[in-house]
Amino acid sequence: MKRFLFVVAVLLVLGAAASSVFAQAPQAPLPAAGALAPPGAPAAAAPSKIDKGDTAWMLTSTALVLMMTAPGLALFYGGMVRQKNALGTLMQSFIIMALISIQWVLWGYSLAFGPDKGGIIGGLEWIGLRGVGLEPFDAYSKTIPHQAFMAFQMMFAIITPALITGAFAERKKFSAFLLFTVLWATFVYDPLAHWVWADGGWLKKLGALDFAGGTVVHISSGVSALVCAVMLGRRKGYGHQPMQPHNLPMTVMGAALLWFGWFGFNAGSALEANGLAVSAFVATNTGAAAAALGWMFTEWMSRGKPTVLGAASGAVAGLVAITPASGYVGPVASIMIGGLAGFLCYNACNLKSRLGYDDSLDVVGVHGVGGTWGALATGLFASKAVNDGGADGLFYGNPGQLWTQVVAVVASILIAAVMTAVILKVVDALVGLRVSEEDEVAGLDLSQHSETAYTGGSGSYGEFSTGTGAFADAMRAAEAKPRPAH
């Protein structure tokens with residue numbers, strides 16, 4: 001624990017110190033209001049190009065995307081774990097909002113969107129948001145403040161590592177989770193975001209299309225989730241003990257909030273309140289609806305009955321798949337992308353038991369497979385008739401776009417897989433990855449946070465609440481202890 005606190009303190013001090021140094025660099029003073037420019041001086045800057053409607057829409061979209069992490073993803077994941085891990089799962093989504101908000105301001109945004117360095121990474125010129133002001137930055141948006149664009153992109157940086165938590169749910173140390181999140185955001189998310197979205201990024205220059213995060217968000221999190229699940233190993237009792245969701249109403253509520261917030265995620269990526277935003281909005285809703293139905297009917301035919309969890313998971317799979325294509329395809333293409341996503345993701349989630357890895361909450365099947373299908377489908381269905389700033393796909397006479405999408409998918413898989421494995425090795429060496437066997441049996445709520453999600457009823461720890469022995473007695477006694485007031 002001391003090593004972990006030392007590492008976190010060093011990261012924060014270095015980030016704050018670097019930000020302070022850059023912020024104190026001399027800058028030219030602004031002329032006083034109404035002052036005349038001296039002879040020979042360059043003409044004054046043109047009046048602000050900020051559009052109030054675009055800015056209002058982007059601030060709204062930013063809030064919608066933040067809501068996707070908490071409460072959306074927090075409730076979606078929190079309801080699917082066992083009762084003894086509910087708080088620990090909610091905590092992971094919640095605290096990521098704080099952790100990445102600081103990382104993004106200190107150095108994350110500069111690495112992701114700062115001045116290009118060889119198409120690979122952004123420079124540190126914008127560290128601590130130095131130079132990221134309230135006027136538009138034309139390379140990213142011509143009608144909203146640069147800080148509004150920064151804040152919108154921050155929300156993507158927040159939710160992406162939060163998605164990964166579903167793969168190692170119920171067994172990872174909280175200290176390891178915190179350190180992993182900061183390192184993963186810095187060495188996986190930030191470079192990949194630069195490749196795909198930043199001015200000068202090599203995949204952007206190649207012509208890869210990713211309107212709102214199929215590669216940057218979903219493939220990266222899905223592949224990293226697979227690496228995490230394999231390297232951490234399976235939960236104690238996996239395959240032998242029942243591990244049903246403890247609160248499906250909570251999960252459905254989370255899925256509905258994700259669906260709602262996703263309009264900011266995709267339609268907001270138009271960066272203006274315009275026709276393209278409307279098109280992306282319609283594509284998003286259509287894709288989610290088609291996937292919910294696709295998953296439900298596939299499950300119905302496979303298992304004999306449709307499930308509520310399946311319908312909710314299908315909707316999320318459709319939202320994932322339509323994300324990269326949402327600004328490039330029309331409604332009919334959205335139905336095909338979403339419907340097939342429901343079928344593919346359902347079958348992909350059922351593969352994990354055959355392959356033997358424990359992806360606790362199906363991050364690989366939903367986000368990895370759904371994001372990959374969506375990125376490739378963009379190369380099939382994209383049309384310049386929908387977005388003249390994009391490109392035509394295979395079905396509109398441009399097979400080269402599909403190949404470009406394949407390159408983007410492979411590049412995303414490679415950086416996510418390799419860097420996640422390296423980061424996990426580093427974190428394991430510093431603080432260890434997994435909780436102890438006793439802590440895992442007790443649950444993360446109690447072992448990591450000394451709290452319980454529920455009181456009364458059958459108890460928070462049903463698997464030993466009726467058991468005997470010293471360990472069961474200790475757990476019941478710990479559960480009965482009064483918790484400190486917050």
Side-chain angles (χ1 to χ4, degrees), residues 65 69 96 99-100 103-104 107-124 126 139-140 149-150 152-165 167 180-228 265-266 269 320-321 323-327 363-364 367-376 378-379 404-424 426:
V65 181
T69 302
I96 275 179
L99 190 62
I100 298 302
Q103 185 267 357
W104 193 248
W107 67 83
Y109 181 68
S110 191
L111 292 176
F113 289 93
D116 177 63
K117 307 299 179 185
I120 302 300
I121 196 70
L124 294 177
W126 293 350
Y140 297 135
F149 176 82
M150 178 279 303
F152 180 66
Q153 293 297 335
M154 179 196 297
M155 304 313 160
F156 287 71
I158 286 171
I159 196 171
T160 307
L163 295 173
I164 304 172
T165 63
F180 170 82
T181 298
V182 173
L183 294 175
W184 190 90
T186 301
F187 293 104
V188 179
Y189 183 87
D190 294 344
L192 186 53
H194 188 86
W195 293 1
V196 176
W197 288 331
D199 185 37
W202 74 272
L203 284 174
K204 183 177 182 178
K205 290 192 292 185
L206 188 66
L209 299 179
D210 187 352
F211 193 71
T215 53
V216 180
V217 176
H218 298 296
I219 292 179
S220 68
S221 60
V223 171
S224 297
L226 178 60
V227 175
C228 287
F265 200 82
N266 288 357
S269 293
V320 169
T323 288
S326 56
V363 185
V364 179
H367 296 275
V369 173
T372 300
W373 160 238
L376 296 176
T378 305
T404 302
Q405 297 302 110
V406 170
V407 172
V409 166
V410 172
S412 301
I413 291 172
L414 288 176
I415 186 176
V418 173
M419 291 307 302
T420 299
V422 171
I423 291 168
L424 287 173
V426 170

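Keep in mind that the numbers below use all heavy atoms, side chains included, and drop hydrogens, waters and symmetry copies.
Although no hydrogens or angles enter the test, the distance criterion places no donor-acceptor pair under 3.5 Å between the side chain of Thr165 and the main chain of Pro161. The main-chain N or O of Val217 is found under 3.5 Å from a side-chain atom of Ser220 such that the two form a donor-acceptor pair. Remark: side-chain polar atoms of Trp195 are not paired, donor with acceptor, to backbone N or O of Lys204 under 3.5 angstrom. Looking only at distances, no side-chain donor or acceptor of Asp190 sits under 3.5 Å from a matching main-chain atom of Leu111. The closest donor-acceptor contact from the side chain of Gln405 to the backbone of Ala375 lies under 3.5 Å. The backbone N or O of Trp107 sits nowhere less than 3.5 Å from a side-chain atom of Ser110 that would complete a donor-acceptor pair.
Within the 4.5 Å cutoff, side-chain heavy atoms of Ile120 are placed close to those of Trp202. The shortest distance between side-chain heavy atoms of Phe187 and Val422 does not fall below 4.5 Å.
Between Phe113 and Trp104, the angle of the ring planes goes over 60°, which puts this pair in the perpendicular group of the 30/60° scheme. Using a 30° and 60° split on the angle between ring planes, Tyr140 and Phe149 fall in the parallel class, below 30°. Aromatic ring orientation, His367 versus His218: parallel (interplanar angle below 30°, classes split at 30° and 60°).
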TODO: With side chain to side chain contact (heavy atoms under 4.5 Å, CB included) as the test, would you mind laying out the steps for Asp116 and Asp199 before giving the verdict?
DONE: CA-CA 7 Å; Asp116 177 63; Asp199 185 37; over 6 Å; no

TODO: Test Thr160 against Trp184 for side chain to side chain contact (heavy atoms under 4.5 Å, CB included), laying out the working first.
DONE: CA-CA 10 Å; Thr160 307; Trp184 190 90; 3.5 Å; yes

TODO: Walk me through it: do Ser269 and Phe156 pass the test side chain to side chain contact (heavy atoms under 4.5 Å, CB included)?
DONE: CA-CA 11 Å; Ser269 293; Phe156 287 71; 3.8 Å; yes

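From Asp210, atom CG reaches atom OG of Ser326 across 9.0 Å, with rounding to the nearest 0.5 Å.
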